[in-house]
Structure formats: structure tokens, C-alpha cells
2 protein chains.
Amino acid sequence: MEQKTAIEAFAALAQETRLGVFRLLVQAGPDGLTAGDIAAHIGVPASTLSHHLGILERAGLLRSWRVQRQIYYATDYEGTRRLLAFLMEDCCRGLPELCGTALSDLVACCPKPTVDA
Amino acid sequence: MEQKTAIEAFAALAQETRLGVFRLLVQAGPDGLTAGDIAAHIGVPASTLSHHLGILERAGLLRSWRVQRQIYYATDYEGTRRLLAFLMEDCCRGLPELCGTALSDLVACCPKPTVDA
DNA sequence: TTGACATTTCCACAATTATAGAAATATTCT
DNA sequence: AGAATATTTCTATAATTGTGGAAATGTCAA
């Protein structure tokens, strides 16, 4: 992953409405939600939401597909994984004993070498 | 973790110089590097770097301490872990079978319930 | 083909932020 | 005390971004 791509993704998450949308969809799972459902949950006008969904999708954090009149959005789990792997790449030079348990139970920074995808 | 705190952290990472600094320090491990070393690695003026280090530290992503004339900076692993846990909280409603393996080998989103710290 | 529905694109304004030089602060050595 | 070193604070300018109404687009039912 390129630095530029990662910055785009973090910028996408660094905004109240978008972070709310992303977390809502993480919790919703792979089936996702329609744009309308998301707007109702988050409480923003459709035009504003659409703008933010576009930013999240272009950043590789969401994917979308149409079903009849509605557009579904869901977390792009692989894109998200790549982002976090990039962030923690080569954590502690691969030496588990340096990290302690702080990250090891959440991110595979030490137990296994991180592969940049 | 509050949403506001997480936004501050993602905004901190959403910038070329700061993302470079953070990743450099992730790889440097708990011993950290001095501000001067970081400036040399990244190639920015001291005043610019200082500004960015302050933003990363206030966001809970770095910690710092003085040793004689120099100030060391290192990753705040616990702060980082809290941020990623917040992002992936209640992933897939806690149902491993929904996630596939995309995140499970990086983030404990499905294998164990994520605790918001 | 007309109308209703779901979402996106366009637009303009307000607010936030990156940058780096100069000066200030803090620490150490002689 | 005075000079040298390491870093931060101050300041101003340039550039980027969030917002939501109105209009446009795409989809479907009658």
C-alpha cells in the first residue's frame, strides 16, 4: 500500500459523520445497509451522506452495489485490513518481546511478520 | 473511547509527514527516537516537525520524555490499540462466520468480543 | 409515459489546517 | 556567566474541506 492511499483512508475516517457511518457498517456486517438506512441512522441529509459515502468508498473502506432502486454499502474488510497492516508494518522490528501485550491481542504486529499487501 | 478522541487520532494520521513519523516510530519500537533523529529521517524543518509531533502526542498516538537535551518520542501502543479497537468495535455483531478471514488474522474483531477501552 | 422514489452531482460559503522562518525556551558544557 | 545545542512557540499565508439546498440521474410501478 502506498502512503498516499493510506492518508486518503485516514482522512476519510477523521470526520464525525464518516466515522459514524464506517462504524455502523462494521457492526452491520457484510450484508451492509442501504444509503437511506444509513442516513436515517446517522441523521444527515441525503446529499451530505452521499458525499461522505463517496469519500469512504474511494478510500477503499467501503464497497457498494445496487439492488433495485437502492444502493447498499458495506465495509470493505480487505481494504480495511490492508490499511491497518500498513500502519503497523514491521512493528517493533518483528520482535514480540519489545511490544508487550498492548497490541498483540489486537494486531498481529509481533506474533507474525506483517505482510504489506 | 469517545468518537471525538478517535477523530483527533485519525486526523493526526491523515497527513504525510505525521503518518511517516508514526510508522517510523512503530518500527523503531518502545525505545523511540529523538526529535532530531526523526527530523533527519523524515526531512522536515524542526519547527514543522515539532508541530506535527505535538499533534500526534495530543492524539494519544505518541508519548515523549526528555533525556538530557533531547526529547524522545515513541509509539503509544496502548493508545493505538484503543483506537483500532474503537474502529472495529462489535465487528460483524460478534459473529466470526460473517467476517471470513479478512480481518481475523490482523484484528481481533471476531474471535473475541472487542472491549471498548 | 407519467409519476414516485432513491441517490448523486452541482454550487457557494464558512471553517480548519500545513508550512516554515524568526524568536523564545530549556539544557548542557566550558 | 556565556556560548552552543535541541526543541518549541509564534506568526502569517496558502490550500483544503464540510455543509445542505436545488437540480439532475437512475430505477421501478402503474
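Just so you know, these numbers come straight off a predicted model, no measurement behind them. Chain letters run A, B, ... following the sequence lines, proteins first and then strands; every chain starts at 1. The figures here come from the full heavy-atom set of this structure, side chains too, leaving out hydrogens, waters and symmetry mates.
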Problem - Enclosure of A/Glu16 CD (heavy-atom neighbours >12, cutoff 6.0 Å) - result: no
Handout entry: Matching residue for B/Leu61 among B/Val26, B/Thr80, B/Asp76 - test: side-chain contact (heavy atoms from CB on, under 4.5 Å)
Key = B/Thr80
Handout entry: Heavy-atom closest contact (A/His41 atom, A/Leu24 atom, distance)
Key = CB-CD2, 3.7 Å
Problem - Atom-to-atom span, CZ of A/Arg69 to P of C/dG3 - whole angstrom - result: 15 Å
Exercise for the section: Determine the contact category for A/Tyr73: base if any of its heavy atoms lies under 4.0 Å from a base atom, sugar-phosphate if only primed atoms, P, OP1 or OP2 are that close, otherwise nothing. Expected result: sugar-phosphate
Problem - Sugar-phosphate only, base, or nothing, as touched by B/Ala35 at under 4.0 Å among non-hydrogen atoms - result: sugar-phosphate
Handout entry: d(OH, A/Tyr72; C1', C/dA6) in whole Å
Key = 12 Å
Handout entry: Side-chain N or O of B/Ser50 closer than 4.0 Å to phosphate OP1/OP2 of D/dA6
Key = no
Practice task
Take atom CD of B/Gln68 and atom P of C/dT27, then tell me their distance rounded to the nearest Å.
Solution key: 12 Å
Problem - Distance below 4.0 Å between B/His52 side-chain N/O and C/dT19 OP1 or OP2 - result: yes
Practice task
Using atom CD1 of A/Ile55 as one end and atom P of D/dG20 as the other, report the distance to the nearest whole Å.
Solution key: 14 Å
Exercise for the section: Look at A/Gln15 and D/dT19 and indicate whether a side-chain polar atom (N or O) is within less than 4.0 Å of OP1 or OP2. Expected result: yes
Handout entry: Protein-nucleotide distance (A/Gln70, atom CD; C/dA4, atom P), rounded to Å
Key = 18 Å
Practice task
Verify the contact: side-chain N or O of B/Arg66 to OP1 or OP2 of C/dA26, cut-off strictly under 4.0 Å; return yes or no.
Solution key: no
Handout entry: Along DNA chain D (nearest heavy atom to each residue), the more 5'-positioned of A/Pro45 and B/Thr48
Key = B/Thr48
Handout entry: Connected via hydrophobic side-chain network under 4.5 Å: B/Leu13 and B/Phe86
Key = yes
Handout entry: Under 4.0 angstrom between A/Arg18 side-chain N/O and D/dG18 OP1 or OP2
Key = yes
Practice task
Kindly indicate whether a cation-pi arrangement holds for A/Arg66 with A/Tyr72, taking the cut-offs as under 6.0 Å to the six-membered ring centre and within 45° of the axis.
Solution key: no
Practice task
Quickly work out the B/Leu49 CG to D/dT7 C1' distance and round it to whole Å.
Solution key: 9 Å
Exercise for the section: Report yes if a side-chain nitrogen or oxygen of A/Thr17 is closer than 4.0 Å to either non-bridging phosphate oxygen (OP1 or OP2) of D/dG18; otherwise report no. Expected result: no
Practice task
Whole angstrom is fine here: how far is it from NE2 in A/His51 over to C1' in D/dA23?
Solution key: 17 Å
Handout entry: Listed nucleotide nearest any side-chain atom of A/Leu53, set D/dT9, D/dG21, C/dT8
Key = C/dT8
Practice task
Rounded off to whole Å, could you give me the CD1-to-P distance for the A/Ile42 and D/dG18 pair?
Solution key: 15 Å
